[in-house]
Amino acid sequence: MEKLHIYDSLSSKLKPFVSIEKGKVGMYVCGPTVYNDVHLGNVRTFLSFDVIFRYLKYLGYKVRYVRNITDVGHLIDDIDEGEDKIAVKAKAENIEPMEVVQRYSIGFHDVMRAFNALPPSIEPTATGHLIEQIEIIKKLLISGWAYESNGSVYFDIFNYNKNNSYGELSGRDINDMLHGSRDLSGQSDKKSPLDFALWKKASSGHIMRWPSPWSNGFPGWHLECSAMSSKYLGDSFDIHGGGMDLKFPHHECEIAQNIGSSGKKGANNWIHTNMLTLNGKRMSKSTENTLLPRELLSGDSEHLTRPYTANTARFFIHQAHYRSILDFSDDALQSADKGYKRLISSRNLLEKRTKNGAKKGSFDVVKWHKSCESAMNNDFNSPQLIANLFEAAKVIQNDSKDSGILGQDGAILLAEKMDLWMHDILGLTNENVGDSNNYKTALKAAMEIVFETRKNAREKKDWTKSDSIREKLLDAGITIKDGADGSDFSIS
RNA sequence: GGUCUCGUGGCCGAGUGGCUAGGCAGAGCUCUGCAAAAGCUUGUACAGCGGUUCGAAUCCGCUCGAGACCUCCA
């Protein structure tokens, strides 16, 4: 595709992307509720948006990427007596709710850093935007979209539904929902079970509470995103994203709040990322069917036979499209790991091609690069991009025997473009040769000396010596590969 | 029960009304002191049954199966 197209889950259509303000993109993504460790399913979503963020920047957009942290208001369930997730954790561990928030916010950031995700432009918290949330409630009350009941404020779905369609994002009919919902008569302040809380009056034992015109209480979960997205991106912005599971009710409620307070729906494009499953079932904190990033990195899990790097996991995740369900398994990780390593070693082979042989080659790097762009323009199709990278790997491998394919110019350009796609867009780092450049250079120099010694031994047919060097290095995690044009190494 | 999505070769996973996805694994060959790596070649695929069409894995219908949401979750 020539131009970027994005699948909009509100209209269920692939739409050409046109930003509201030329050259700028406003993107809001629902972040984590920091009451627990993030698991790999959460990570998948944020990595999907990380690639989207990176690609939009690559296209030249100035992107304002807002990803919130939910630190209040997310209740265990939707009945009136539901408790705040963070408060429950605080009570269980006998600490302040804000200690819970602090601990898991730091944990979340550590994980994001480990997976090489770029930080968002703004990372606002719900508790930091109570005034904005209260202002929205005031507006909704004045215009009649909300009502107060015993110190709590609820959004009036029936009133809203007269001129709007609550449920259009998730494809639901209000009557069906009513039919299937629990009967709350007599035990709720709500007029209808479909109504959702904008402000909740705190019960006597509730720790997290703030003053408001209606009661000492706390905001409803859905409100923060409306408040923060409109504050930082305006009433209409380009992209709103989140996991599929947030479609209903969270994003549905957000749309209702947005229309109620500003007349606008919020985002022009809704992007929903699909679930990461484990054993065919969705990863979920509540059912404990999860795999934590630290378990992946240490290999300490019943689901794994060995540890995997963050890079391998990233590669695995981006090998599937963000809108597809992806099933996590040790086998799948293992094959991703092998493929990824092969890609890296092919890329590293290019260094040799940039200095020797013909100047020009027959392979059209520019055309190849266009096809990578085309893949990403088609709703951020990272699996197709990766397939392209493997095409390039094949070309590089062939070229090491026939230097007329790439040529020096082609090799230099291809190296640049491969780095662009692998590092800048997919966020993969070249862990194979160490993290710092100093380390990389030093190791390479040391290996040259080892190769020299070994070459001498091999020329004298001293196989005992050359093999023992190779075996000892293998024990240390360094694999030697002897080729026609010299030796090379990789780190496992 | 309601709403929706999906069902691709041994496994993972793109795509699409007629043109090789790709990765991993398997087989054969080449290279090679051995090894590793790499290259080349190679295979049974689009759940089943009908329909639309010159042509469908791709569109429509039905059946079977799986999953998600409908209560908190990215």
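Remember, it's a predicted structure, so these values are computed and weren't measured experimentally. All heavy atoms count here, side chains included; hydrogens, waters and symmetry mates do not. Lettering of chains follows the sequences in order, A, B, ..., and the numbering in each one begins at 1.
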Discussion item. What's the gap between B:G18 and B:A27 when it is taken at their C1' atoms, as a whole Å value?
Written reply: 32 Å
Item to complete: Please state whether the phosphate of B:G15, meaning OP1 or OP2, lies under 4.0 angstrom from any side-chain nitrogen or oxygen of A:Asn381.
Response: yes
Worksheet item: Can a salt bridge be assigned to the pair A:Arg103 and A:Glu93 using a cut-off of 4.0 Å between side-chain N and carboxylate O?
Response: yes
Discussion item. Any N or O donor-acceptor pair under 3.5 Å from the base of B:C24 to the side chain of A:Arg342?
Written reply: no
Discussion item. Taking atom NZ as the centre, does A:Lys15 end up with more than 12 heavy-atom neighbours from other residues, nucleotides or ligands that are less than 6.0 angstrom away?
Written reply: yes
Worksheet item: A:Arg323 has an atom CZ; how far is it from atom P of B:A68, in whole Å?
Response: 19 Å
Fill in: Under 3.5 Å on both distances, the Watson-Crick or G-U partner of B:U30
B:A38
Discussion item. Are there over 12 heavy-atom neighbours, none belonging to A:Glu459, within less than 6.0 Å of that residue's CD?
Written reply: yes
Worksheet item: Choosing from B:C40, B:A74, B:C24, which nucleotide comes nearest the side chain of A:Ser335?
Response: B:C24
Worksheet item: When the C1' atoms of B:A45 and B:C12 are considered, how many whole Å apart are they?
Response: 14 Å
Discussion item. Suppose you measure atom P in B:C72 against the same atom in B:G17; what distance do you get, rounded to whole Å?
Written reply: 38 Å
Worksheet item: Counting side-chain heavy atoms from C-beta on, which of B:G13, B:C24, B:C12 comes nearest to A:Ala332?
Response: B:C12
Response to the item:
In whole angstroms, the gap separating C1' of B:A38 from NZ of A:Lys338 amounts to 15 Å
Worksheet item: Reckon A:Gly31 touches a base, only the sugar-phosphate, or nothing at all at heavy-atom distances under 4.0 Å?
Response: sugar-phosphate
Item to complete: Please tell me which of the listed nucleotides, B:A36, B:C70, B:C72, lies nearest to the side chain of A:Thr479?
Response: B:A36
Response to the item:
By nearest-heavy-atom nucleotide on RNA chain B, the more 5' of A:Gln319 and A:Lys394 is A:Gln319
Discussion item. For B:A74, is there a stacking contact with A:Phe46, counting only centres under 5.5 Å and planes under 30°?
Written reply: no
Item to complete: Write down the distance between CG (A:Leu343) and P (B:A37), rounded to a whole number of angstrom.
Response: 17 Å
Practice prompt. Nearest whole angstrom, please: distance from the C1' of B:A38 to the CZ of A:Phe489.
Written response: 18 Å
Worksheet entry | Rounded P spacing from B:G10 to B:G43 in Å | 14 Å
Worksheet item: Donor-acceptor pair under 3.5 Å: do we get one between A:Arg470's side chain and the base of B:A35?
Response: yes
Worksheet item: A:Met275 CE to B:C70 C1': how many Å, rounded?
Response: 15 Å
Worksheet entry | Carboxylate-amine/guanidinium contact A:Arg306 A:Asp337, below 4.0 Å | yes
Practice prompt. Using atom CG of A:Asn274 as one end and atom P of B:C6 as the other, report the distance to the nearest whole Å.
Written response: 10 Å
Worksheet item: With a non-hydrogen cut-off below 4.0 angstrom, is A:Gly171 in contact with a base, only sugar-phosphate, or nothing?
Response: sugar-phosphate
Discussion item. Would you measure the distance from the P atom in B:G13 across to the matching atom in B:G23 and give it in whole Å?
Written reply: 16 Å
Worksheet item: What interatomic distance, in whole Å, is found between C1' of B:G26 and the corresponding atom of B:U32?
Response: 23 Å
Practice prompt. Take the protein atom NZ of A:Lys465 and the nucleotide atom P of B:A35, then report the distance between them rounded to whole Å.
Written response: 23 Å
Fill in: P spacing across the pair B:G28 / B:A37, given as an integer number of angstrom
16 Å
Worksheet entry | A:Met283 and its side-chain contact (heavy atoms from CB on, under 4.5 Å) partner, picked from A:Val43, A:Asn42, A:Leu291 | A:Leu291
Worksheet, complete the sentence: Checking B:A21, B:A68, B:G2 against the side chain of A:Lys281 (C-beta onward), the nearest is B:A68
Fill in: Heavy-atom neighbours of A:Lys201 NZ exceed 12 at 6.0 Å
no
Worksheet, complete the sentence: Pairing partner of B:U5, by Watson-Crick or G-U wobble and under 3.5 Å for both distances, is B:A66
Worksheet item: Given atom CD1 of A:Ile469 and atom P of B:A35, what is their separation to the nearest angstrom?
Response: 19 Å
Worksheet entry | Any A:Thr277 side-chain nitrogen or oxygen under 4.0 Å from OP1 or OP2 of B:G67 | no
Worksheet entry | Which residue lies more 5' along RNA chain B, comparing A:Lys481 with A:Pro32 via nearest heavy atoms | A:Lys481
Discussion item. Using atom C1' in both nucleotides, what's the gap between B:G7 and B:C62 to the nearest angstrom?
Written reply: 16 Å
Discussion item. Can you say whether a donor on the side chain of A:Asp467 sits under 3.5 Å from an acceptor on the base of B:G33, or the other way round?
Written reply: yes
Fill in: Nucleotide of B:A74, B:G22, B:C70 approaching A:Phe390 most closely (side-chain heavy atoms)
B:G22
Worksheet entry | From CA spacing to verdict: ring-ring contact (aromatic ring centres under 6.0 Å, His included), A:Phe46, A:Phe108 | CA-CA 11 Å; A:Phe46 299 126; A:Phe108 173 60; 5.3 Å; yes
Discussion item. What's the closest nucleotide to the side chain of A:Met283 if the choices are B:A74, B:C70, B:G67?
Written reply: B:A74
